[in-house]
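Let me begin by presenting the structure, written as structure tokens, before commenting on it.
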Amino acid sequence: MTTQQDPQLATPSVSFPQGFLWGAATASYQIEGGASEDGRTPSIWDTFSRTPGKVLNADSGDVACDHYHRRADDVALMAELGLQSYRFSVAWPRVQPGGRGPANSKGLDFYRGLVDDLLSKGIEPWLTLYHWDLPQELEDAGGWPERDTAYRFAEYAGLVHDALGDRVKFWTTHNEPWCSAFLGYGSGVHAPGVTDGAKALAAAHHLNLGHGLAVQAIRAAVPDRQMGITLNLHSLQAATDSAEDRDAVRRIDGVGNRIFLDPVFRGEYPADLLADTAELTDWSFVQPGDLEIINQPLDMLGVNYYTRQVVAGPSDDGAPRSHWRAPSAWPGSGQVRFLTRELPVTEMGWEVDPDGLVDLLKSTHENYGPIPMYITENGAAYDDQVAPDGSVPDPDRVAYLDAHLKACHEAMADGVPLRGYFAWSLLDNFEWAWGYSRRFGIVHVDYDTQVRTPKTSAHWYADVIRRGGLAA
Ligand code: FCB
């Protein structure tokens with residue numbers, strides 16, 4: 001792997017250690033297209049995006065970035081940018097159509113080819129088993145609120161590992177299970193679009209159980225496999241020091257962070273979370289032995305970070321609220337308010353707050369470490385335009401990435417064992433309910449022609465990787 005820094009280049013003033021892993025990330029449904037090719041069956045996102053009103057402009061991942069057919073060129077582009085690692089996800093309905101039964105070898109061939117292409121260019125493959133594309137048949141059978149889905153997931157994980165375990169070193173089970181559970185079954189803004197707090201909590205538990213079962217299945221084959229999970233941990237700040245606002249942080253931390261961190265790293269659910277949600281569920285979906293299964297030793301924790309959230313208790317003091325509305329993605333959290341501040345925002349409306357990343361990494365390390373951590377996603381959407389000369393200048397994204405990498409550096413100086421960073425995203429792509437209206441790529445994609453153009457940020461990032469760091 002290319003982990004050597006270029007000796008020809010001046011030493012950066014903010015330098016990262018040798019061996020720090022520099023990469024970029026994508027996800028299957030967001031880039032692949034080829035939605036009904038070679039035996040792939042629909043996922044919940046195919047169904048959701050075909051349901052009127054669910055995705056902006058009725059966009060879908062049917063074609064997306066056509067990566068299914070442009071894989072080799074895309075890997076060549078990664079090599080040109082000097083990426084050391086590429087984080088991608090496997091589409092479950094491509095490799096196990098319908099979510100049950102034997103593997104579809106044609107579907108697996110795509111990922112075998114991808115991994116071979118990456119390795120031939122010296123790029124470390126980083127595989128995510130689940131980035132939200134649940135086979136529709138499993139949703140029809142109850143989806144993540146149904147216990148059996150966890151067992152189906154472990155079986156699927158074993159199939160993927162049988163095919164790729166000899167070549168892929170880094171394995172993560174879920175990407176952002178909070179979104180799967182609470183946007184999928186709580187607020188309903190993501191597939192499958194269910195709005196039921198009790199189901200969202202059951203889904204969270206079964207996602208945790210599926211994680212533990214998948215780790216067990218893979219370790220049964222290769223005991224020293226590098227395994228982890230990616231969480232979108234919420235970096236929270238109380239609006240004031242009042243008891244009410246601090247209680248708001250406790251509640252959101254419970255149903256946003258500790259609902260995953262505590263069972264995964266400590267083998268328990270937080271007592272205050274069980275109390276907060278008691279009116280919705282008695283948690284009888286947690287069966288004897290489940291917590292031991294979930295609490296598997298891990299080799300790394302992936303953290304996705306975009307913004308910080310300032311929360312306040314229910315008393316309405318007239319402060320401006322952010323976009324969270326009923327039905328809630330935060331079951332049991334009462335009438336907690338999310339406040340907006342006078343900070344610059346990205347095209348998603350998310351406030352730019354790199355210090356929130358420093359605080360998040362440090363508190364996660366203190367409370368759950370030591371565990372090697374990776375930033376598995378960080379990036380920003382801006383309304384990029386192609387200039388008349390064909391270039392795509394994106395100074396806001398460069399500033400965003402620069403500030404967040406400095407935040408990583410600061411956290412490392414304070415003792416956080418951060419081992420790598422993946423920019424979200426390699427390519428502009430299908431941004432879920434926002435369709436193609438939000439561009440996160442360091443590489444611009446023209447969706448009419450599928451032409452890829454590295455933006456200024458891609459050239460800048462390539463330089464950062466070559467130098468092993470940043471200018472001050
Ligand atoms: C994360 C998702 C990723 C992408 C970014 C912007 O929540 O994991 O797929 O949509 O947000």
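Each ligand, and each atom within it, is numbered from 1 in the order the structure gives.
Between Thr172 and Thr128, the side chains place a donor N or O and an acceptor N or O closer than 3.5 Å (distance only, hydrogens not considered). Using a 3.5 Å distance cut-off with no hydrogens or angles, the side chains of Asp359 and Ser235 do not pair a donor with an acceptor.
Scanning for side chain to side chain donor-acceptor pair (under 3.5 Å) contacts around Asp116 gives Arg167, with sequence neighbours left out.
Evaluation of the salt bridge (charged side-chain N to carboxylate O under 4.0 Å, His left out) test over residues 82-97, restricted to residues two or more places apart or in two chains, returns Glu32-Arg94, Arg87-Glu377. For the salt bridge (charged side-chain N to carboxylate O under 4.0 Å, His left out) condition, the pairs that include at least one residue of residues 450-459, sequence neighbours left out, are Asp74-Arg452, Asp384-Lys455, Asp428-Lys455.
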| request: Mind running salt bridge (charged side-chain N to carboxylate O under 4.0 Å, His left out) on Asp290 and Arg147 for me, showing each step along the way? | output: CA-CA 11 Å; Asp290 284 4; Arg147 186 177 176 85; 2.9 Å; yes
Under 3.5 Å: N or O atoms of ligand 1 paired with protein N or O:
residue, atom, partner, partner atom, Å
ligand 1, 7 (O), Glu176, OE1, 2.5
ligand 1, 7 (O), Glu176, OE2, 3.0
ligand 1, 8 (O), His131, NE2, 3.3
ligand 1, 8 (O), Asn175, ND2, 3.0
ligand 1, 8 (O), Glu176, OE1, 3.4
ligand 1, 8 (O), Glu176, OE2, 3.4
ligand 1, 8 (O), Glu377, OE1, 3.1
ligand 1, 8 (O), Glu377, OE2, 3.0
ligand 1, 9 (O), Gln30, OE1, 2.7
ligand 1, 9 (O), His131, NE2, 2.8
ligand 1, 9 (O), Trp432, NE1, 3.0
ligand 1, 10 (O), Gln30, NE2, 3.4
ligand 1, 10 (O), Glu431, OE1, 2.7
ligand 1, 10 (O), Glu431, OE2, 3.2
ligand 1, 10 (O), Trp432, NE1, 2.9

